[in-house]
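Input: a single structure, listed below in structure tokens.
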There are 2 protein chains.
Amino acid sequence: MQHSHTPQDRPARPGQMSWSGWGDPSRATPLPGPAAALLETAFGPSAGHAPVPLDSVRLPSRRLAGPARAALVNVVGQAHVSEAPEARIRHTRGKSTTDLLRMRAGDADDAPDAVIEPADHEEVLGVLRACEEHGIAVVPFGGGTSVVGGLAPRREGWRGVVALDLRRLDRLVALDAISRVATLGAGLTGPAAEALLRDRGFTLGHFPQSFEYATIGGFAATRSSGQASAGYGRFDGMVQGLRVATPRGSLTLGTAPASAAGPDLRQLVLGSEGAFGVITEVTVRVRPVPDTCIYETWRVASFAEGIDVVRDLAQGGALPTVLRLSDEAETALSLASPDSLGTPARGGCSIVVGYEGAADQVAKARDAASARLASRGALPEGEEGGRAWERGRFQAPYLRDRLLDAGVFVETLETAAFWSRISEVYAGVRRALVAHLGVDRADPGDSQDGEDDGDRWGGGDRGGRAPVLVLCHVSHVYETGASLYFTVAAKPGDHPLERWREAKAAATEAMLEHGATITHHHAVGRDHRDWLAEEVGDLGVEVLRAVKATLDPRGILNPGVLVP
Amino acid sequence: MQHSHTPQDRPARPGQMSWSGWGDPSRATPLPGPAAALLETAFGPSAGHAPVPLDSVRLPSRRLAGPARAALVNVVGQAHVSEAPEARIRHTRGKSTTDLLRMRAGDADDAPDAVIEPADHEEVLGVLRACEEHGIAVVPFGGGTSVVGGLAPRREGWRGVVALDLRRLDRLVALDAISRVATLGAGLTGPAAEALLRDRGFTLGHFPQSFEYATIGGFAATRSSGQASAGYGRFDGMVQGLRVATPRGSLTLGTAPASAAGPDLRQLVLGSEGAFGVITEVTVRVRPVPDTCIYETWRVASFAEGIDVVRDLAQGGALPTVLRLSDEAETALSLASPDSLGTPARGGCSIVVGYEGAADQVAKARDAASARLASRGALPEGEEGGRAWERGRFQAPYLRDRLLDAGVFVETLETAAFWSRISEVYAGVRRALVAHLGVDRADPGDSQDGEDDGDRWGGGDRGGRAPVLVLCHVSHVYETGASLYFTVAAKPGDHPLERWREAKAAATEAMLEHGATITHHHAVGRDHRDWLAEEVGDLGVEVLRAVKATLDPRGILNPGVLVP
């Protein structure tokens, strides 16, 4: 039977984000029994550390001087300047695994001195002026979901650091139903923006894994890409206009769907990660709420074959709305749907294929894509796997917390390349991660020769080194190439942060060596900053510095983030 | 009978461009008899001026000093530095009507002092170094088809100006058939690039009216958009990577279809009009040569109704490859297909709808679009009009020369806006043009009340003012809006350049007043420069200046163009 429903079924807005992990603690679920057993087999007995209590977290001394505090209060009001420990802790760093490990250990050394909550664009301008005058660095803060160190500025050299929390910029500023264009406050979270739009018959169609907490401004500032990007496009492609507050005044950009009025300055703001200005409003293309959503899975014999299949869909003009291809290891572990973690694998690779839209358009798109999938040898598996994917689509970060509890280090990284290089990028990044994190638990070479996947997770340590799992999926496809999203699970020993730093560096070097980008949708932050010059060249970095010097001459905005 | 063919039928590469008009003089055709009669009725007796002979053109004295010449010869070789009058004349300005009128009158005051033809990227870098050292301004020169003053730099303050003709950068540098990505030399013209790609089974699908002469580098530098943009997209959307030579070294950008590695610096080079650097190679998405091409026309009752119809196609996911909607006046005059100029109009508005691709995909796309067109009340007219459009698709600029011969001033301008504002932009720009150029010969209000179009062109002068024709079509459509392309024919009297300048200024002000962009695909040049700050703000202009100062600190590149 066909499973179709409207997006009204999507989960309601979650509660406040955990300070030491991901998401709404009331939604956290324990690891499924088979998964726990499997992990114990793979990684040995659990030796995790629970987070310290909130009141045991070490915070640096508050540094805001009286005149600076008064200037900020003067702009936003007393109620919107907080120096309370909990507020500071909740605005410390982002949600990378290293961020979580440090926070779980009670280390909030990067905490801001205060949290400022401006009401609107004018107040943001006022905060920037006050901070410039008082030598205070400013971290624009949306959902706090950065996984690349985008919220941990350089503290040295400043008389304070404030987190500029944009949660009060939460209005649907304008909706042009004829043009299908909406102007949204930068502080709206994904669910809040969707709710406002859905009441008026529209959707943004942007559903990254961080959807429940990440904000419209953050999507723009980091060039986010969602799980339905095959149909709705990347966030940067949806953006029509931007309003930006900088220390040198406002930028208002975008008056038409396209223009030849010089370089596209919107594209300088997109991806600027709060280092050039504070995005306060984003004007985006919207679409009617789909009346039909179908998610199903298909199976192919191997990742290599799957890559050809999804490339054929992308280049053949038959893209569904959602298209994700898991490699052998990820298919076997079904990490994409945590509630089925540990169910027996059937071999080969799974493709999640989803369609959203008007019923007749969904039917046509499904026919076209299905014909191509079948002609390339993919086998339909029905909607069960699609439903599981849908239920779990925002759950992986919750699962990570449970794995950290169990002493397993889990992290993700991602890249993109042209199709002709995807396979070598995949192999190169995998190799780099395994070389630095331990014994490979899922060599993709194994799957080619028909070995039973069930065996792969068994057995103990090989050669005295700890085991590592590297899973991968193709998460976003284009006519000319695709992104690869890696999940790593390992027990890197006593110095997990250092080991991960080495492994991540090696993976990034592998991306560059094989012609891939250092990040497809996680952004640069501090974690990728040292490689940016290899991506855009020294002269490209000089251009970024010149732009920053023009908009933020004293460098108060997110110092140390993005620009090397 | 269905008319379908492969693009092999497209015209072969034309010969050298006329120095005083458009295109290959051997292809020029006289005005069709009915058209000439119609024009005489509309505008009165002809009083044109033929171009002066080439050897009567006034050139400024050559200014290149010996050491500068020697430095340039040292880089590119004696054979590739020309100070010959004809070479200088052929690199003077572009192809706007004011450019042509000045050239026809023998005025080449803006001529470069020399024409330099580098062989490759390294030689471009060498030329820039030499010019910087010797205080010489550089105009990057592709096809010479700018219609916005993009090739007429400020001459004051320099010890010379050279045109940097990129014609020798004419290689297919690389073709990645798996990824469908090609790297093309910037100096390749449209037909030359298509020929190289077609031999390998691919097409770029970029066919602007300037296609026969404009170059790959120029398409990128000006954010060109082609007649098949509904299917293939804008040129800036096709670009995957760029190689740029600047006075401060090289920029090499673009390693993947999409990236979150900071701001997209490619988008700073796209639209930079030679003011930031010289684009030497462009990496573009290509597509297989279509095996089927069908062009047909549909009829709607009015332009307003037609706008709703094309918006429905764009927002309904049923876009054909080509989609162009003419207003009542343009439909009546059939300027879009000059060979049918003067044929009786049937009232209403014509839509050209074209499909290109594999036969089965064309059939599906045509079914989907036809169903939507019919459901909105559009009437199919078959392929005759589509064939006429196809034959004439690159001919309008030739026709302009014949009209100039006949003493009629003809020029075009264009803009884009969100759908909700298209009608007011249309009315506002039209009103501004008419107010400054004479009596309206085709008030679109007339067509609403069933008046016979045939009458509209008759009659003499009204109120002592000269007549003016303003024609318009929707040339490019997006989900959120569209572009409007205006053609103006007038007899502006003794001072046509001044009258046109006033009319163009008023039209641009109308665009800004109604929320439209100052240019959708013609670029900024010198003609739109003074309005750029109204489009991107003073702070946006400061950003552009900072980028220019970083890449071109002495400002040798196209001074006075683009950046206010």
Side-chain angles (χ1 to χ4, degrees), chain A residues 176 178-181 222-223 234 240 248-253 255-265 267-268 270-272 285 315 317 361 416-420 478-481 515-524 528 532 535-537 539-540 542-544 546-547 549-551 562, chain B residues 176 178-181 222-223 234 240 248-253 255-265 267-268 270-272 285 315 317 361 416-420 478-481 515-524 528 532 535-537 539-540 542-544 546-547 549-551 562:
Chain A
D176 174 352
I178 300 290
S179 310
R180 296 191 178 171
V181 162
T222 61
R223 295 182 174 271
R234 289 166 63 84
Q240 311 284 306
R248 280 297 162 271
S250 300
L251 276 172
T252 305
L253 300 168
T255 59
S259 172
D264 188 348
L265 296 178
Q267 300 286 338
L268 267 187
L270 294 165
S272 64
R285 179 205 70 206
Q315 295 183 337
Q361 287 179 316
F418 295 118
W419 287 115
S420 60
Y478 305 89
E479 280 182 72
T480 59
T517 179
I518 57 173
T519 172
H520 169 265
H521 61 272
H522 281 172
V524 176
H528 297 138
L532 187 59
E535 176 109 7
V536 302
L539 191 53
E542 277 186 53
V543 169
L544 295 176
V547 172
T550 302
L551 298 174
L562 176 63
Chain B
D176 174 352
I178 301 290
S179 310
R180 296 191 179 170
V181 163
T222 61
R223 296 182 174 270
R234 290 165 63 83
Q240 311 283 307
R248 279 299 160 268
S250 298
L251 276 173
T252 305
L253 300 168
T255 60
S259 172
D264 188 348
L265 295 178
Q267 300 287 339
L268 267 187
L270 294 165
S272 63
R285 180 206 69 207
Q315 295 183 339
Q361 288 179 317
F418 294 119
W419 286 116
S420 60
Y478 305 89
E479 280 183 72
T480 58
T517 179
I518 57 173
T519 173
H520 168 266
H521 60 272
H522 280 173
V524 176
H528 297 141
L532 187 59
E535 175 110 7
V536 302
L539 192 53
E542 277 186 53
V543 170
L544 295 175
V547 173
T550 302
L551 298 175
L562 176 63

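Quantities reported herein were computed from a predicted structural model and do not represent experimental measurements. Order of the sequence lines sets the chain letters (A, B, ...), proteins ahead of strands, with each chain counted from 1.
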Output yes when a side-chain donor or acceptor of A/E542 lies under 3.5 Å from a complementary backbone atom of B/L551, and no otherwise.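 Looks like no, no N/O pair under 3.5 Å.
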Judged by atom type as modelled, is there a donor-acceptor pair below 3.5 Å linking the side chain of A/T519 to the main-chain atoms of B/S259?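 Looks like no, no N/O pair under 3.5 Å.
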Within a strict 4.5 Å, meaning less than it, do heavy atoms of the [X] and [Y] side chains meet?
X      : Y      : answer
B/V547 : A/T550 : no
B/L270 : A/Q267 : no
A/V543 : B/P263 : no
A/L268 : B/L268 : yes

Looking at every heavy atom in both [X] and [Y], which two are closest together, and how far apart are they?
X      : Y      : result
B/A416 : A/A258 : CB-O, 3.8 Å
A/T517 : B/A256 : CG2-CB, 4.0 Å
B/A261 : A/I518 : CB-CG1, 3.9 Å
B/I178 : A/W419 : CG2-CB, 4.0 Å
B/L251 : A/V536 : CD2-O, 4.1 Å

Side chain, backbone, both or neither of [X] within contact of chain B (heavy atoms, under 4.5 Å):
X      : result
A/T222 : backbone
A/Q361 : side chain
A/A523 : both
A/Y478 : side chain

Would you mind telling me which of B/H528, B/R234, B/H521 has the largest number of heavy-atom pairs within less than 4.5 Å of chain A?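 Top count of heavy-atom pairs under 4.5 Å with chain A: B/R234.
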Options B/A417, B/A549, B/G262, B/G515, ranked by heavy-atom pairs under 4.5 Å with chain A, top entry: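 Counting heavy-atom pairs under 4.5 Å, the top option is B/G262.
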Contact part of [X] toward chain A, heavy-atom cut-off under 4.5 Å: side chain, backbone, both or neither?
X      : result
B/R180 : both
B/H522 : backbone
B/V181 : side chain

Chain B interface, residue from A/L562, A/L265, A/T255, A/L544 that has the most non-hydrogen pairs under 4.5 Å: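 The residue among A/L562, A/L265, A/T255, A/L544 with the greatest pair count is A/T255.
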Looking at A/V524, A/L532, A/T480, A/L253, which makes the most heavy-atom pairs under 4.5 Å with chain B?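 Greatest number of close heavy-atom pairs with chain B: A/T480.
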Gap separating the CG atom of B/D264 from the CG atom of A/D264, nearest 0.5 angstrom: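 Answer for the CG-CG pair, B/D264 versus A/D264, is 9.0 Å.
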How long is the span from the CG atom in B/L539 to the CZ atom in A/R248, to the nearest 0.5 Å?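 With rounding to 0.5 Å, CG (B/L539) is 9.5 Å from CZ (A/R248).
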Could you work out, with salt bridge (charged side-chain N to carboxylate O under 4.0 Å, His left out) as the rule, every residue matching B/E479, not counting sequence neighbours?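 In terms of salt bridge (charged side-chain N to carboxylate O under 4.0 Å, His left out), with neighbours along the sequence ignored, B/E479 is linked to A/R285, A/R287.
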Partner set under side chain to side chain donor-acceptor pair (under 3.5 Å) for A/S420, not counting sequence neighbours: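 So A/S420 forms a side chain to side chain donor-acceptor pair (under 3.5 Å) with B/D176, B/S179.
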